[in-house]
Trainee: 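To start, I am sharing the structure in question, which I have written as structure tokens.
Quick caveat: nothing in here was measured; it's all calculated off a predicted structure. The analysis underlying the following values was restricted to heavy atoms, covering all of them including side chains, and did not include hydrogens, waters or symmetry mates. In this chain, residues are counted from 1 in sequence order. Counting starts at 1 for both ligands and their atoms, following the listed order.
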Amino acid sequence: MASTNCEKLLTATDRINEFGHLEIGGCDVVRLVEQYGTPLIVYDETLIRDNCRRYTKSLAKDGHRVAYAGKAFLCVALCQILAEEGMFLDVVSGGELYTALTAKFPVERIYFHGNNKSADEIAMGIKAGVAHFVVDNLYEYSLLKTLAREAPRPLSILLRVALGVDAATHRYIRTGQHDSKFGFAITGKDLDFVVAGALSDQALLLEGFHSHIGSQITNLGVFRQAVEIIFEIARHYRDKHGWQPTEINLGGGLGVKYLPDDEASSIEDLTGLILETAAKQMAAGGLSPRLTIEPGRSIIAPAGTTLYTVGSIKNIPEVRTYVAVDGGMTDNPRTALYQAKYACMLANRATEPNEGVYSIAGKSCESGDMLIWDHPLPAVKSEDILAVFVTGAYNYSMASNYNRLPRPAVVLVKDGTASIMIERETYADLVRLDRKR
Ligand code: LLP
């Protein structure tokens, strides 16, 4: 019997092998640690591909599209996998765009997001031939208008709108409400101005509207609301200008199970609800835009597991036992930022019974550098390998070099074979940009 109820988080290609070790994608994680060291982020290729296929199979028909949200995690090898899976890609900065271009990700499948794109970033996107710009605000609109004149063909744009839908999720990852830094308010004059301006501009091709209401959403009802409101907006401007919107983009946001007993809806629950709600709207309103969605977390979070080596252990009698690992908030700031909760397992002794309750601390000089509070585990010893599950989204992509800690290596596993996706940072990397006086 395995030691924790983490078996519920094991994916179809995870198992506990005859040595009592966790295996991901056919790779014994103890061997992975010997080869690549820790902290190590392990991505399960089969699961990434399966999740992409579940989205495309259930939504991408009749011209509808699934764009992976690169902010959740992006690197060259992942872009290559996404391209093979026929996915579109949402990038949010020149850096994400550069990563996609390096991977030769098809530019005609790229959406360029961001609430403060610089003129340089926009120019970079135009030069690369990015297919769609998701325009967030008046300033970006004015930059784009000027830069579009130099473009070889009209630039396809979507206008991001803040729908006023309040997704019940952490305050920092809610985005669709009126009081948000993202998108055009649907109540002010700015949106009227930009729609009218874009429709009369030969260098711009206004395709439709975009919204993203938030992330880690477990109550799907808010998506129904979002679809209804965005279609209402589309109808309003259709009627006003006699123009047919050709695209409605609903952003991402599907929540995942971080803990074994968390509730989460499935990919098909979300796509089914979107298609059903949109079909009603289309039938009633005489609109037939393509639908695009932009999932990040629900594709990549469950496919990632972080492996750490246990170092110091501090017991405070009657209070708590702290187990320090060789990473922490630098590779996973989500506990510190959002009070996120994670489940873990001793990956080298996965069949041993739980004997205590431990709190997993990082190695940064900061009391808030905690990964997990009060988690049952077998009697933990220094040098044990700790696996933290569901760390594939917004961990590496939000990693930092606080305390000049190098960022971890990232490997991809499949059918018993591992390959490096991102090398471990070295100390030399850390001083590469430093200049002596
Ligand atoms: N589209 C847009 C425009 C977005 O802003 C986002 C996420 C997504 C798609 C993807 O959403 P997802 O399917 O991954 O929920 N750092 C936070 C999450 C921030 C989400 C930002 N936007 C976290 O660690 O929870």
Side-chain angles (χ1 to χ4, degrees), residues 48 51-52 54-55 59 65-74 78 82 87-93 96 110-117 132-137 140 158-163 165 167-177 180-184 209-220 222-223 226 230 248-258 262 264-267 269-271 274 291-304 306 329 331-342 371 390-400:
I48 298 173
N51 288 340
C52 291
R54 287 176 62 186
Y55 266 113
L59 188 109
R65 295 174 172 177
V66 184
Y68 170 77
K71 65 211 76 170
F73 171 65
L74 202 68
L78 180 63
L82 296 168
M87 300 285 286
F88 286 71
L89 180 65
D90 137 14
V91 301
V92 80
S93 67
E96 287 188 359
I110 295 180
Y111 285 74
F112 201 162
H113 278 275
N115 72 311
N116 192 20
K117 300 179 194 70
H132 296 277
F133 287 83
V134 181
V135 182
D136 183 277
N137 54 69
E140 179 184 346
L158 297 172
L159 302 180
R160 179 164 180 171
V161 286
L163 297 181
V165 174
T169 185
H170 191 282
R171 192 161 63 87
Y172 290 178
I173 54 180
R174 243 184 261 159
T175 39
Q177 74 278 19
S180 162
K181 73 169 184 172
F182 296 104
F184 291 95
F209 298 97
H210 172 281
S211 76
H212 168 77
I213 54 176
S215 202
Q216 184 55 17
I217 295 172
T218 48
N219 164 18
L220 294 192
V222 291
F223 284 105
I230 203 167
I248 298 262
N249 183 322
L250 295 159
L254 179 63
V256 299
K257 278 168 64 129
Y258 280 99
D262 279 355
S265 302
S266 70
I267 289 173
D269 288 340
L270 174 70
T271 52
I274 287 176
L291 301 173
T292 303
I293 55 170
E294 298 169 339
R297 187 191 315 264
S298 49
I299 288 179
I300 206 73
T306 308
M329 66 187 291
D331 57 82
N332 182 0
R334 298 195 68 261
T335 306
L337 270 176
Y338 317 118
Q339 301 80 45
K341 304 227 170 2
Y342 289 93
L371 287 175
V390 198
T391 53
Y394 304 107
N395 290 341
Y396 192 91
S397 65
M398 296 204 298
S400 77

Trainee: Quick check on side chain to side chain donor-acceptor pair (under 3.5 Å): which of His113, Arg65, Lys71 does Glu294 satisfy it with?
Mentor: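 So the option named by the test is His113.
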Trainee: Checking contacts here: is it the side chain or the backbone of Arg334 that comes within 4.0 Å of ligand 1, counting heavy atoms only? Could be both or neither.
Mentor: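 Only the side chain of Arg334 comes within reach of ligand 1.
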Trainee: Which of the atoms in ligand 1, numbered in the order shown and given with their element, are less than 4.0 Å from a heavy-atom of Gly296?
Mentor: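 This gives 12 (P), 13 (O), 14 (O) as the contact atoms.
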Trainee: Checking the N or O distance criterion of under 3.5 Å, is ligand 1 in contact with His113?
Mentor: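 There is no such contact.
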Trainee: Short question: side chain of His210, backbone of Asn249 - any donor-acceptor pair under 3.5 Å?
Mentor: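 The answer is no, because no donor-acceptor pair under 3.5 Å joins these two groups.
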Trainee: Is there a polar contact, in the sense of an N or O pair closer than 3.5 Å, between Ser298 and ligand 1?
Mentor: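 Between Ser298 and ligand 1, no N or O pair is found under 3.5 Å apart.
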Trainee: For the pair Ser397 (side chain) and Ala72 (backbone), establish whether a donor and an acceptor sit closer than 3.5 Å, ignoring hydrogens and angles.
Mentor: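 Here the side-chain-to-backbone pair exists.
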Trainee: Which of the atoms of ligand 1 are close to Ala69, meaning less than 4.0 Å from one of its heavy atoms?
Mentor: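 Ligand 1 atoms under the 4.0 Å threshold to Ala69: 8 (C), 9 (C), 10 (C).
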Trainee: Answer yes or no: is there an ion pair linking Asp136 with Lys181, defined by an N-O contact shorter than 4.0 Å?
Mentor: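 A salt bridge is absent here (no side-chain N lies under 4.0 Å from a carboxylate O).
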Trainee: Measure Leu337 to ligand 1 on non-hydrogen atoms and call it side chain, backbone, both or neither using the 4.0 Å cut-off.
Mentor: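 Within the 4.0 Å criterion, Leu337 makes no contact with ligand 1.
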Trainee: So which atom in Ile267 and which in Ser298 form the shortest heavy-atom distance, rounded to 0.1 Å?
Mentor: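 Shortest heavy-atom contact: CD1-O, 4.4 Å.
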Trainee: I'd like to check which ligand 1 atoms, numbered from 1 as shown, lie under 4.0 Å from a non-hydrogen atom of Gly253.
Mentor: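 Counting atoms of ligand 1 from 1, those under 4.0 Å from Gly253 are 11 (O), 12 (P), 13 (O), 15 (O).
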Trainee: May I ask you to list the atoms of ligand 1 that are less than 4.0 angstrom from any heavy atom of Pro295?
Mentor: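 Heavy-atom distances to Pro295 below 4.0 Å select 13 (O).
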Trainee: For Lys257, is the NZ atom crowded, meaning more than 12 foreign heavy atoms sit under 6.0 Å from it?
Mentor: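 Count over threshold, so yes.
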Trainee: Just let me know how Phe182 lines up against ligand 1, side chain, backbone, both or neither, with a heavy-atom cut-off below 4.0 Å.
Mentor: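 It is neither part, as no heavy atom is under 4.0 Å.
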Trainee: Any atoms of ligand 1 less than 4.0 Å from a non-hydrogen atom of Met398? List them with their elements.
Mentor: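 Checking each atom against Met398, I get 16 (N), 24 (O).
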Trainee: Look up atom CG in Asn395 and atom CZ in Arg334, then write down how far apart they are to the nearest 0.5 Å.
Mentor: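 With rounding to 0.5 Å, CG (Asn395) is 6.5 Å from CZ (Arg334).
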Trainee: Going by the order shown, which atoms of ligand 1 are within less than 4.0 Å of some heavy atom of Arg160?
Mentor: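 It comes down to these atoms of ligand 1: 3 (C).
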Trainee: Aromatic rings His132 and Tyr111: how do their planes relate, parallel, tilted or perpendicular, breaks at 30° and 60°?
Mentor: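 If you compare the ring of His132 with that of Tyr111, the planes turn out parallel.
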Trainee: Which of the atoms in ligand 1, numbered in the order shown and given with their element, are less than 4.0 Å from a heavy-atom of His210?
Mentor: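 Selected atoms, number and element: 3 (C).
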Trainee: First locate atom CD of Glu140, then atom CZ of Phe184, and finally report the distance between them rounded to the nearest 0.5 Å.
Mentor: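 Atom-to-atom, Glu140:CD and Phe184:CZ are 7.5 Å apart.
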Trainee: Which ligand 1 atoms, with their elements, are less than 4.0 angstrom from a heavy-atom of Glu294?
Mentor: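 Numbered from 1, ligand 1 contributes 1 (N), 2 (C), 3 (C), 8 (C), 9 (C), 10 (C), 13 (O).
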